[in-house]
Asker: 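Before anything else, here's the structure in question.
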Amino acid sequence: MFPELPLSPDAEWLEADGLGGFASGTVSGIRTRRYHGLLVPATAPPAGRAVLVNGFEAWIEVFGETIAISSQRYAPDVLYPDGASRLSSFVLDPWPVWTFHLRGGLYIVQELFAIHGAPTVALSWKLRGDFSGSAKLRIRPLLSGRDFHSIHHENGSFRFEATQTADAVRWHPYQNLPILCAQSNGSYAHDPCWYRNFLYVEEQKRGLDCIEDLASPGVFEWNISEGPAVWILSSEIASTKGAQSAQAHFGLLRSQEQSRRNSFPSALHRAGDAYLVKRGEGKTIIAGYPWFGDWGRDTFIALRGLCLATGRLREARDILVQWAGAVSEGMLPNRFPDRGETPEFNSVDASLWYIIAVHDYLRLRESQTSEAPVDTSDILKFRTAVEAILTGYTEGTRFNIRADPDGLLACGQPGVQLTWMDAKVGDRVVTPRIGKPVEVQALWLNALWIAGRFSQRRSDLFARGKASFEVRFWNGATGSLFDVVDCDHRAGINDGSLRPNQIFAVGGLPLSLLEGEKARRVVETVEANLLTPIGLRSLGPKESAYAPHYEGGVAQRDGSYHQGTVWPWLIGPFVEAWLRIRKGAPEAKAEARERFLGPLMEHMNNAGIGHISEIADAEPPHTPRGCPFQAWSTGEYIRLERSVLGDGN
C-alpha cells in the first residue's frame, strides 16, 4: 500500500500516540501547516494539544563540506536549505523512514515513530554505504510552545534556559506548558536564536495566519560515523527509561513499538488504530487529525469500522459505555466536554447514531459464540441510554426535536445546525434543514426498530413512521427522495434538492426503509449525479447552489462545505445500498471491490498517506481537502472492505 516513491512531496504522514497527541509532517519534511510538528502532545488527553517541537534543521559535515538534509519554507516563498532535494526514498511501514543521498554511494537514513501511550517521539539517523571517514550530524530543534490552532511569534517571554543532565536536556519555554525533554547519545551546545518568517502554504490557501517565528535554544551534535544518532523527545521523562542510556532507551522503545505494530493484521488496521485514544479511564475516537477532537456523531459512525469491523470489541464496549452516561434530555453531546466545559448538544443525529452503534456491537457479540456473553450490567447501561434517547425524542427535547403524530421526527430552529451538514458562516446556517431531514428519519426509524429487541412499546410509532416515510418522502417528479419534508415546520413544504442523504433509506443502516423499484431508483439517481471515485457529492451539479471547488477563505470554504464538496465517508452507505438492490450477489461484490475500493486505495497515497481525507473537490481531479486523516472516512472504508464486501475476518 505504501510505495517508496513517487509520492507527492506534499503528501502527509501521521504518527499518533494513543492519547490524542501526534507527530505529523510531509514527505519532503517541509512543514505546510501550523499543525505539523514533531511533538504535539495532548496536555489533558485527548484535549489540550500543544505544539512543543515544530521541527528541526539538520545537516551533515562530511567530505569537507556541509550537506543539508532538511528544508524550510520562508515568506514570501523561499525554500532553504536544499535538503529536500536529496530525498531518494520515503516509506511509511511501519513508520516514516527517509533516505537522503549525500554523495556517491553514501546515504543517511532517518526514522521517526511515536510511542503509544506516552507523549514521546523517537528519531534516529544512521549512515548507509561504504564510508571510512568522519561525519558529524548536527540538529537544531525549532520550538514554540503554543496551542496547536495558533501561530507563534518572536517574543521576550520565551525562556531559552536549558537544564542538562548526563544525556538529557530540558527546557520550559512557557510556564503553563509541560517541560520538554530531549534525550540523546550526542552532545548539546546552548546557542539560543530565533528563526523567523516560516511560511505554511496550506494555511495561506485557507486564508488563515500563515507566518510563524520559532525559537532554537541550541545545537545537538553526533559523530555519526561511529554509530547511529538517537534523539528522544518527550513532554515528560518516559517511565521505561529508568537508568538506561539514550541508545538503550531508544532500542527498547523501538522494539516495543515494532512488536505492537506487528500485532496488527495489516497497515489498514494500524491506520485505524490512530483514531482510538484514551479519555479518562475509557476510550474515545478522534474525529480527524490534525485539528479535530472527539465528536459524538463522528465517534459512533467511525466506531463501526474502526472497532467492530476490526474485531476491537473491547474498545467499542469502552467507548459505548463511556458515552452511555452522557445522555441529557434524550440527547448526547455532539462534542464530549472537557472538565469544566459546558456540553454542546447541537446534534439531532449523534444520539441516533449511538443506538445504531450499540445495535451493531451487540449483534456482533452475539454472533461470536466463542466469546463470553455481554455483561448484564453493560446491557442495562445500553438499554437505559437507548430508552432515555427515545423517550426524550418522543416527548420532545431541545431545538424542537420531537416525534410528530405521523411518526416522523421533526427538528430544528433558526440559527442552529443540527444535522451532519452543519456548516455555519457567522450567524448564517448554510444548510439549516429545519423540518424532517431524510437521513434523520432513516436513523429514527432504525432506532425505533432496534428498540424492539428490548420492548414493543414503540412498535406503533415505528409502524406509523415507516408508512409515513414511504408516502411523504417519495418525489415522483425526480424518482428520488426529498431531502427535507415539512421545511421550517410548515406542513407540505418540501425540499427537493438532490443530496446524498437519501442513500440512508437504502444502505448504511441495519434496516432499509425502501425496497424494490423505489430503492433501485434512489441508488441509480445518487450514482448518476453524486458519485465520484472517492465519495459522494453533497449536492447535485445541476443545483443552483452547487460549488465545484472547496477553496478560499473561511467564509467561502464553509459556504461550500456541503454544497457539492465530496465526502468519502458516504461511500460506505452508498456501496451497501448498491449491493442491497443487487441482493448481495457474489459477482456484485467483486464488481464493487474493483469499482469502489480501488480509487480509494489509490487516494491513500495522495493526501494523508494510508488514510482517507475528510473531503474533496466536487469536480475532477477531486483534489483532497480538509482534514487529511479522517476517522469516519477511514472507518467506512474499513467497514466496506471487511464487513460489507468481505467476510469480516
Side-chain angles (χ1 to χ4, degrees), residues 304 349 352 355-356 359-360 363 404 406-409 435-453 456 458-486 492 494-531 535-537 540 542 570-596 636 639-640 643-646:
R304 300 194 298 163
D349 51 344
L352 301 175
I355 296 175
I356 303 301
H359 167 268
D360 285 3
R363 184 182 62 177
D404 266 4
D406 61 4
L408 300 177
L409 190 70
K436 297 170 181 173
V438 62
E439 84 284 4
V440 172
Q441 309 315 308
L443 287 161
W444 166 244
L445 293 172
N446 266 266
L448 292 174
W449 175 75
I450 288 166
R453 67 179 292 148
Q456 293 300 309
R458 292 189 174 86
S459 58
D460 288 345
L461 183 59
F462 168 75
R464 270 187 286 131
K466 189 171 186 301
S468 296
F469 183 89
E470 294 174 358
V471 173
R472 300 287 315 281
F473 274 90
W474 184 250
N475 185 349
T478 62
S480 59
L481 299 179
F482 289 112
D483 188 59
V484 183
V485 303
D486 294 351
N494 303 326
D495 179 3
S497 301
L498 181 55
R499 294 190 180 276
N501 304 302
Q502 61 188 299
I503 203 66
F504 288 98
V506 185
L509 299 173
L511 176 69
S512 293
L513 301 184
L514 298 178
E515 302 290 342
E517 180 65 12
K518 287 184 176 179
R520 183 187 65 79
R521 292 183 69 182
V522 164
V523 175
E524 289 179 351
T525 296
V526 170
E527 181 174 3
N529 296 277
L530 303 178
L531 180 66
L536 300 185
R537 294 184 178 97
K542 297 179 181 179
L570 294 172
I571 200 70
F574 170 78
V575 174
E576 193 167 16
W578 189 90
L579 283 174
R580 281 178 176 174
I581 66 172
R582 289 164 175 78
K583 309 302 182 184
E587 59 272 18
K589 284 190 174 184
E591 181 183 348
R593 278 187 165 273
E594 181 177 351
R595 282 190 60 192
F596 305 124
E636 277 299 277
R639 189 176 74 89
L640 266 184
S643 298
V644 178
L645 297 175

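Atom set for the values below is all heavy atoms of this structure, side chains included, hydrogens, waters and symmetry mates excluded. All residue numbers refer to positions in the sequence shown, counting from 1.
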Asker: Taking only residues two or more places apart in sequence or in another chain, which ones pass salt bridge (charged side-chain N to carboxylate O under 4.0 Å, His left out) with E515?
Answerer: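 Checked E515 against salt bridge (charged side-chain N to carboxylate O under 4.0 Å, His left out); zero matches.
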
Asker: Which residues pass the side chain to side chain contact (heavy atoms under 4.5 Å, CB included) test with R595, not counting sequence neighbours?
Answerer: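 For R595, the residues satisfying side chain to side chain contact (heavy atoms under 4.5 Å, CB included) (neighbours in sequence not counted) are E527, L531, W578, E591.
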
Asker: Under the side chain to side chain donor-acceptor pair (under 3.5 Å) definition, can you give me all pairs with a residue in residues 437-447, not counting sequence neighbours?
Answerer: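 Applying side chain to side chain donor-acceptor pair (under 3.5 Å) to every pair that reaches into residues 437-447, excluding sequence neighbours, yields R433-E439.
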
Asker: Apply side chain to side chain donor-acceptor pair (under 3.5 Å) to R458 and list each qualifying residue two or more places apart in sequence or on a separate chain.
Answerer: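 Once residues adjacent in sequence are excluded, the partners of R458 under the side chain to side chain donor-acceptor pair (under 3.5 Å) criterion are E387, T391.
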
Asker: Under the ring-ring contact (aromatic ring centres under 6.0 Å, His included) test, which residues partner F469, sequence neighbours left out?
Answerer: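 ring-ring contact (aromatic ring centres under 6.0 Å, His included) check on F469 returns F473.
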
Asker: So, using salt bridge (charged side-chain N to carboxylate O under 4.0 Å, His left out) as the criterion, who are the partners of K466 when residues are at least two apart?
Answerer: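 K466: salt bridge (charged side-chain N to carboxylate O under 4.0 Å, His left out) contacts with E470.
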
Asker: Go through the structure and list residues passing salt bridge (charged side-chain N to carboxylate O under 4.0 Å, His left out) with E594, not counting sequence neighbours.
Answerer: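 In terms of salt bridge (charged side-chain N to carboxylate O under 4.0 Å, His left out), with neighbours along the sequence ignored, E594 is linked to no residue.
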
Asker: Who are the side chain to side chain donor-acceptor pair (under 3.5 Å) partners of T478, not counting sequence neighbours?
Answerer: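 T478 satisfies side chain to side chain donor-acceptor pair (under 3.5 Å) with N475, S480 only.
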
Asker: For E587, what residues pass the side chain to side chain contact (heavy atoms under 4.5 Å, CB included) criterion, not counting sequence neighbours?
Answerer: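 So E587 forms a side chain to side chain contact (heavy atoms under 4.5 Å, CB included) with A585.
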
Asker: Do any pairs count as a side chain to side chain donor-acceptor pair (under 3.5 Å) and have a residue in residues 496-514, sequence neighbours left out, and if so which ones?
Answerer: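 Sorted result for residues 496-514: W420-N501, D483-N501, D495-S497, R499-Q563, S512-R580.
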
Asker: Applying side chain to side chain donor-acceptor pair (under 3.5 Å), can you list everything that pairs with D404, at least two apart in sequence or on another chain?
Answerer: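 Counting only residues at least two positions away or on another chain, D404 forms a side chain to side chain donor-acceptor pair (under 3.5 Å) with R402, K436.
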
Asker: Who are the side chain to side chain donor-acceptor pair (under 3.5 Å) partners of N529, not counting sequence neighbours?
Answerer: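 If we apply the side chain to side chain donor-acceptor pair (under 3.5 Å) test to N529, skipping adjacent residues, there are no hits.
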
